[in-house]
Number of protein chains: 2
Amino acid sequence: MPRTPTLEDVATRAGVSTATVSRCLNMPEKVVEATRQRVMEAVEALGYAPNFSARALVAKRTLTIGAVIPTMENAIFAEGIQAFQDILQAAGYTLLIASSGYDPATEAEAIRTLVARGADGLLLIGFDRDPALYSFLDKQGIPAVVAWAYDAAGPLVSVGFDSRAAMHHLACHAIGLGHRHIGMISARQSGNDRARARVEGVTEAMRDAGLGAPVLEETDYGIEEGAAAFSRLLDRDPALTLVMCGNDVLAAGATRQAEQHGLSVPRDISLTGFDDLELARLVTPALTTVRVPHRAMGEAAARTILAALAGETPSARLLPTDIKLRESLGPPRA
Amino acid sequence: MPRTPTLEDVATRAGVSTATVSRCLNMPEKVVEATRQRVMEAVEALGYAPNFSARALVAKRTLTIGAVIPTMENAIFAEGIQAFQDILQAAGYTLLIASSGYDPATEAEAIRTLVARGADGLLLIGFDRDPALYSFLDKQGIPAVVAWAYDAAGPLVSVGFDSRAAMHHLACHAIGLGHRHIGMISARQSGNDRARARVEGVTEAMRDAGLGAPVLEETDYGIEEGAAAFSRLLDRDPALTLVMCGNDVLAAGATRQAEQHGLSVPRDISLTGFDDLELARLVTPALTTVRVPHRAMGEAAARTILAALAGETPSARLLPTDIKLRESLGPPRA
DNA sequence: GATTCTCTTGTAAGCGCTTACATCCCTCAA
DNA sequence: TTGAGGGATGTAAGCGCTTACAAGAGAATC
């Protein structure tokens, strides 16, 4: 196995010094045409690629941004992250993505890995994590921004939306339609402030209306999981006329399961989601859900981190959500 | 802004040499308990994180594998990549993912970036790319494996399935059902050998049966794109009784669009997909599709790359696909 | 008590690169 | 003809880390 070529190999082959080769690569206008040509030929012939580690070591910056997202398995974060990446790329940055599988320890590990790899900045989802991580980031002097959640007073700048208010709004609407027996399928609340806020939104709306708390099932993300949770909910309370889900994926599973139970949606039971993924329009009946401005959020997050990198002190941004009324929500059965 | 702490800072604070700190971190059993404790305290207090670039520079390996996938926006690669990552993680490797957006130039760029970042190995999707890239990888001595495609004689080891044969099989089945007017919605074929193979599979099956070529629409990935392509297809040939789609995402879009056109699937028109994503079971009617062993493929790809890293010369692996007959395919309308 | 062995820790080289500074050579004005 | 000025290139330091080797301190052996 041939040793991978270094700057020095190129320099020797081109008959110049390493400094000249380096200049050819980084500031081509600083070196005369003939030399540059010779160097470039050597680069080509050797299949030389600069060693990023060595470069990062001296340059103190990597033009890399890291993002730690809970999962890539479903589309919840895909669109926002794509937008985030688009803006970053245009600014010359590379995005490195790690996924935590909703596990705090894995997330902490991923954050440290990304920092160690010299990420110039970090994107995190939500605020729920060990405070030690915040002080770690602070000590490292690495700008980080939180997305998918909003807290003007949080330990990091954030770009997000108000899950609680959005869900509250949707629940109020459903209650207005006459629903009294409401169930909820939530993602695991531990370590997930978005999930918690959504449950709170529903709970408060019900309390305001003089109803008790929703019948709650907590589950992992996934269509199958949503389906199973729906069945459990129905077991616990057959009088339910509405099941609100913490996200569209769970709602899609619930929709499928309702069909299995021989229930017609929304005639026999209503269902709602959260996120407004493509999925929401695909299932039958189409899901009533909360529209989240994924793309705008990803872009805003990218701009925020770029601003922080430029030495500014960006402030938190709250983005509006709105309710998409589609077919899965109707009045309760008589 | 405080300079980010280095090994030396820790050493000074703990009153030892940098070598001792390094040992504490990498071979803790080599240093006596009391010293280790002192060092660890300093590490903690300073929020020290080892500089990955410096470490990689001397260690000549990064325990990092890079993967360049065409897209993260939909679930096509998610499950396979997740399995790939699981195996890698268990072996102590970190996975870095880049997406190319199905653009060859972006892909080449991503490959070079990953190599420069010291990826010890690479996962690529399909074989279609500039041969210069293969010789580049060869010169760099970086083991790479191709997944989602299979070619025992290809320039790189591969772990995949036979798209052409699978699609051929499915098309034969449909022809057996009586379909004569077949349309096809394909992903862009340029630079995408899987897409091309699938079109070939259908074309051959039709030729074998004495039929002409399928009415073909090519489009970008996406539900909306699939829906639009379906409409175009119907415009071109209203006699179509079956539309075969290059993947489930396009088929899902087509399904939705059929409904818009007031067509009942499969009574008025049949539809098929490819991949067997969760999506396939979610849409109504459930999609007849080709089941791809995503998880097995991801795992096999990981094992293959690990073997290559261990100095072995792994051989290509062909994984079986099979046909999932569900509701979207029926006999042609009378 | 001298010798050897073992265990812990320190010293220092060097990974591949960038860049401040030094050097060289050529042009041009006086 | 000479010296200043300036552009192209070379020299070498040093980024933060790992690790071969050296050094020192006990413990064990004779």
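The sequence lines fix the lettering, A, B, ..., with proteins before strands; numbering per chain opens at 1. Model, not experiment: these values are computed from the prediction.
The side-chain heavy atoms of Tyr150(B) and Leu319(B), taken from C-beta on, include no pair separated by under 4.5 Å.
Residues Ser158(B) and Arg317(B) bring no donor and acceptor atom of their side chains to less than 3.5 Å of each other. Using modelled atom types, one finds a donor on one side chain and an acceptor on the other under 3.5 Å when comparing Arg117(A) with Thr64(B). For the residue pair Arg188(A) / Tyr221(A), no side-chain donor-acceptor distance below 3.5 Å is found, with atom types taken as modelled.
Residue-to-nucleotide proximity on DNA chain C shows that, of Pro50(A) and Val32(B), the 5′-proximal contact is made by Val32(B). Across the interface with DNA chain D, nearest-nucleotide mapping of Arg36(A) and Thr18(A) shows Arg36(A) to be the residue nearer the 5′ end.
Every side-chain contact (heavy atoms from CB on, under 4.5 Å) that Ala132(B) has, sequence neighbours left out, goes to Asp130(B).
Between Arg55(A) atom CZ and dG14(D) atom C1' there is a gap of 17 Å when expressed in whole angstrom units. The interatomic distance linking Glu8(B) (CD) with dT18(D) (P) rounds to 14 Å, in whole Å. What separates CD of Glu29(B) from C1' of dT9(C) is a distance of 15 Å, to the nearest Å. Here the C1' atom of nucleotide dG16(C) and the CZ atom of Phe52(A) are 13 Å apart, to the nearest Å. In this entry the distance linking CG of Leu7(A) with P of dG16(C) reads 10 Å, nearest Å. Straight-line distance from the CD atom of Glu33(A) to the C1' atom of dG7(D): 16 Å, rounded to whole Å. What separates CZ of Arg23(B) from P of dT9(C) is a distance of 8 Å, to the nearest Å. One can place CZ of Arg117(B) at 15 Å from P of dC17(C), the figure rounded to the nearest angstrom.
The side chain to side chain donor-acceptor pair (under 3.5 Å) analysis of residues 81-95 of chain A, with sequence neighbours excluded, yields the pairs Gln82(A)-Asp86(A).
Residues from residues 56-66 of chain B placing a heavy atom under 4.0 Å of any atom in DNA chain C, listed by number, are Leu57(B), Val58(B), Lys60(B).
Using a 4.0 Å heavy-atom distance criterion, Ser22(A) is classed as a base contact. Heavy atoms of Tyr48(B) sit under 4.0 angstrom from primed sugar atoms or phosphate atoms, though from no base atom. Using a 4.0 Å heavy-atom cutoff across all strands shown, Thr35(B) reaches sugar-phosphate atoms only and no base atom.
Nearest heavy atom pair, residue Leu96(B) against residue Leu114(B), reads CB-CD1, 4.2 Å.
The side chain of Ser17(B) lies closest to dT11(C) when the candidates are dA20(C), dG16(C), dT11(C). Listed candidates were dG10(C), dG10(D), dT18(D). Nearest to the side chain of Asn26(B) is dT18(D). Distances were taken from every side-chain heavy atom of Ala19(B) (C-beta onward) to each of dT11(C), dC17(C), dG16(D); the shortest belongs to dT11(C).
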